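Here the structure comes first, spelled out in structure tokens, and everything after it is commentary.
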There are 2 protein chains.
Amino acid sequence: MTEVLLEFFKAMAHESRLRIVGLLAHGERSVQDLAAALDLKEPTVSHHLAILKAQGLVTVRAEGTTRWHALDLGALERLSRRVLEPEALAGPTAAEGDERVLRGFVDAGGRLKVIPAARRKRTVVLRWLARAFEPDRRYSESEVNALIQQRHPDSATLRRELVGHDMLAREAGVYWRLPESRWLEGGPA
Amino acid sequence: MTEVLLEFFKAMAHESRLRIVGLLAHGERSVQDLAAALDLKEPTVSHHLAILKAQGLVTVRAEGTTRWHALDLGALERLSRRVLEPEALAGPTAAEGDERVLRGFVDAGGRLKVIPAARRKRTVVLRWLARAFEPDRRYSESEVNALIQQRHPDSATLRRELVGHDMLAREAGVYWRLPESRWLEGGPA
DNA sequence: TTGATAATTCGACGGTTGTCTAATTAGATA
DNA sequence: TATCTAATTAGACAACCGTCGAATTATCAA
């Protein structure tokens with residue numbers, strides 16, 4: 001929880017990356033564009049972009065061999081807003097709350113006993129479930145089902161919920177875990 | 001401008017400091033309290049607090065030999081809000097705007113030709129003026145006047161404006177420069 | 001004044017990470 | 001296929017910075 005915030009700050013806490021964000025605020029840029037504007041070598045820019053992408057702050061669109069990078073203003077807004085949520089800063093208290101919920105719904109063997117009906121509790125459980133997936137790895141639908149079924153038999157419902165909360169993404173039958181900065185708190189909008 | 005934001009992110013981009021902020025969100029703490037809670041030595045905590053204080057995020061209140069540290073939620077809100085102001089990120093453009101204003105009002109010898117009447121331009125000039133003062137240094141009123149008069153004869157008006165914009169603080173006839181995170185954009189509220 | 005406690009400053013050590021060059025991958029074109 | 005370009009990956013080096021123990025400062029109490 002506060003972990004997400006820490007990674008966000010780390011990503012922004014470097015002059016080169018902050019300048020990249022500033023440049024992308026004006027519009028799409030290629031790696032070469034950025035390298036020229038910042039007076040850095042391309043590998044260095046790639047490195048910084050990878051960090052920003054890992055936080056979901058930057059998205060990419062391929063066009064031939066060049067890749068156009070853009071700023072995700074939504075993610076930026078969501079993350080910076082989180083700074084002011086007392087629970088985010090008050091850290092331990094919030095995390096303890098989550099743990100209490102999990103202790104209630106997850107048995108000693110790490111299996112989900114029942115899917116909570118209350119929205120807030122269900123979100124806590126979904127976050128726990130989403131963290132079972134490795135970031136930056138692609139899963140087939142059957143792999144997703146297998147991973148979920150290790151924890152609860154109703155993989156269809158849970159898979160759908162994970163996608164609905166923007167914790168997993170799906171395209172052409174392939175799934176992957178989205179950065180936590182994208183995860184929705186409340187549920188599908 | 002974007003410099004302030006960078007320093008803010010740097011200040012927050014470390015687990016120890018983020019945890020300190022979290023602890024202070026609950027209330028005042030002494031250095032010892034924090035050291036115990038974080039499992040760090042006191043010099044380390046002092047070091048982190050100095051960084052947070054430099055950004056105006058933490059304030060101190062002395063009571064005997066112990067110093068009670070508190071979170072300045074206003075500064076935190078002001079800074080994190082700034083992340084979303086397009087001008088803050090679009091950096092160069094905003095800075096260039098400032099420079100254009102300054103070129104109009106400051107002569108080649110670094111003297112202010114005339115105090116701008118328009119609110120936005122006056123703020124730009126006041127920021128330029130405030131940066132003539134060293135952070136973390138105390139000035140007498142005559143020192144303040146002398147510094148201002150190197151740039152413009154009406155030190156009384158400008159001194160009052162600097163205080164009104166929370167760029168300088170005054171107490172018992174002593175002045176000092178406040179962290180940029182405190183500076184007001186518009187003018188006295 | 002002396003002693004005790006809270007905090008800060010100083011100097012050093014070690015780990016992290018930003019940057020580079022060189023090598024590799026992926027896509028477009030001939 | 002061969003070649004060219006855009007970008008990423010790998011590995012090495014250097015600078016920065018978080019942490020600590022030791023020394024110093026400041027405040028209160030005898």
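Note that these values count all heavy atoms, side chains included, but never hydrogens, waters or copies made by symmetry. What you see is a predicted model; the values in this text were computed from it and never measured.
The separation between B:Leu6 atom CG and D:dC17 atom P is 10 Å, rounded to whole Å. Rounded to an integer number of Å, the gap from A:Leu52 CG to D:dT8 P is 12 Å. In this structure, A:Glu15 atom CD and D:dC16 atom P are separated by 13 Å, rounded to whole Å. At whole-Å resolution of the value, CD1 in A:Ile51 and C1' in C:dG18 are 9 Å apart. Atom pair B:Glu42:CD and D:dT25:P shows a separation of 18 Å (rounding to whole Å applied). The interatomic distance linking A:Glu28 (CD) with D:dA7 (P) rounds to 12 Å, in whole Å. Atom NZ in B:Lys41 sits about 22 Å away from atom P in C:dC10, given to the nearest Å. Rounded to a whole Å, the CD atom of A:Glu7 is 14 Å from the P atom of C:dT16.
Distances were taken from every side-chain heavy atom of A:Lys53 (C-beta onward) to each of C:dA7, D:dT8, C:dT19; the shortest belongs to D:dT8. Looking at the side chain of B:His69, the nearest of the listed nucleotides C:dG18, C:dT8, D:dT8 is C:dT8. You'll find that the side chain of B:Arg67 is closest to C:dA7, out of C:dA7, C:dT19, D:dA7. Of the candidate nucleotides C:dA6, D:dT19, C:dT21, C:dT21 has the atom nearest to the side chain of A:Pro43. For B:Gln32, the side-chain atoms get nearest to C:dA7 when compared with the rest of D:dT19, D:dG18, C:dA7. Nearest nucleotide to the side chain of A:His47, out of C:dT9, D:dT19, C:dT19: C:dT19. Candidate nucleotides D:dA6, D:dT19, C:dA7 were compared by shortest atom distance to the side chain of B:Ser46, and C:dA7 ranks first.
Residues B:Asp33 and A:Asp39 each lie close to DNA chain C; by heavy-atom proximity, the contact nearer the 5' end of the strand is made by B:Asp33. Where A:Gly64 and B:Thr66 each meet DNA chain C at their nearest nucleotide, the meeting point lying more 5' is that of B:Thr66. Judged by closest nucleotide on DNA chain D, A:Thr65 is the one of B:Leu40 and A:Thr65 placed further toward the 5' end.
Both A:Val83 and B:Val4 are part of a single hydrophobic cluster, where members link through side-chain heavy atoms under 4.5 Å apart.
Ring geometry, B:Phe9 versus A:Phe9: the interplanar angle falls from 30° to 60°, so the pair is classed tilted.
Checking side-chain atoms of B:Thr44 against main-chain N and O of B:Leu40 turns up no donor-acceptor pair under 3.5 Å. Judged by distance alone, with hydrogens and angles left aside, the side-chain atoms of B:Arg17 form a donor-acceptor pair with the main-chain N or O of B:Ala11 at under 3.5 Å. A side-chain donor-acceptor contact under 3.5 Å links B:Glu143 to the backbone of B:Ser140.
For A:Asn145 and A:Ser142, the side-chain atoms include no donor-acceptor pair closer than 3.5 Å.
Listed pair A:Ser30 / D:dA6 fails the phosphate criterion, with no side-chain N or O lying under 4.0 Å from OP1 or OP2. B:His48 has a side-chain polar atom (N or O) that falls below the 4.0 Å cut-off from OP1 or OP2 of D:dT19.
At a threshold of 4.0 angstrom between heavy atoms, the contacts of A:Thr44 include nucleobase atoms, whether or not backbone atoms are also involved.
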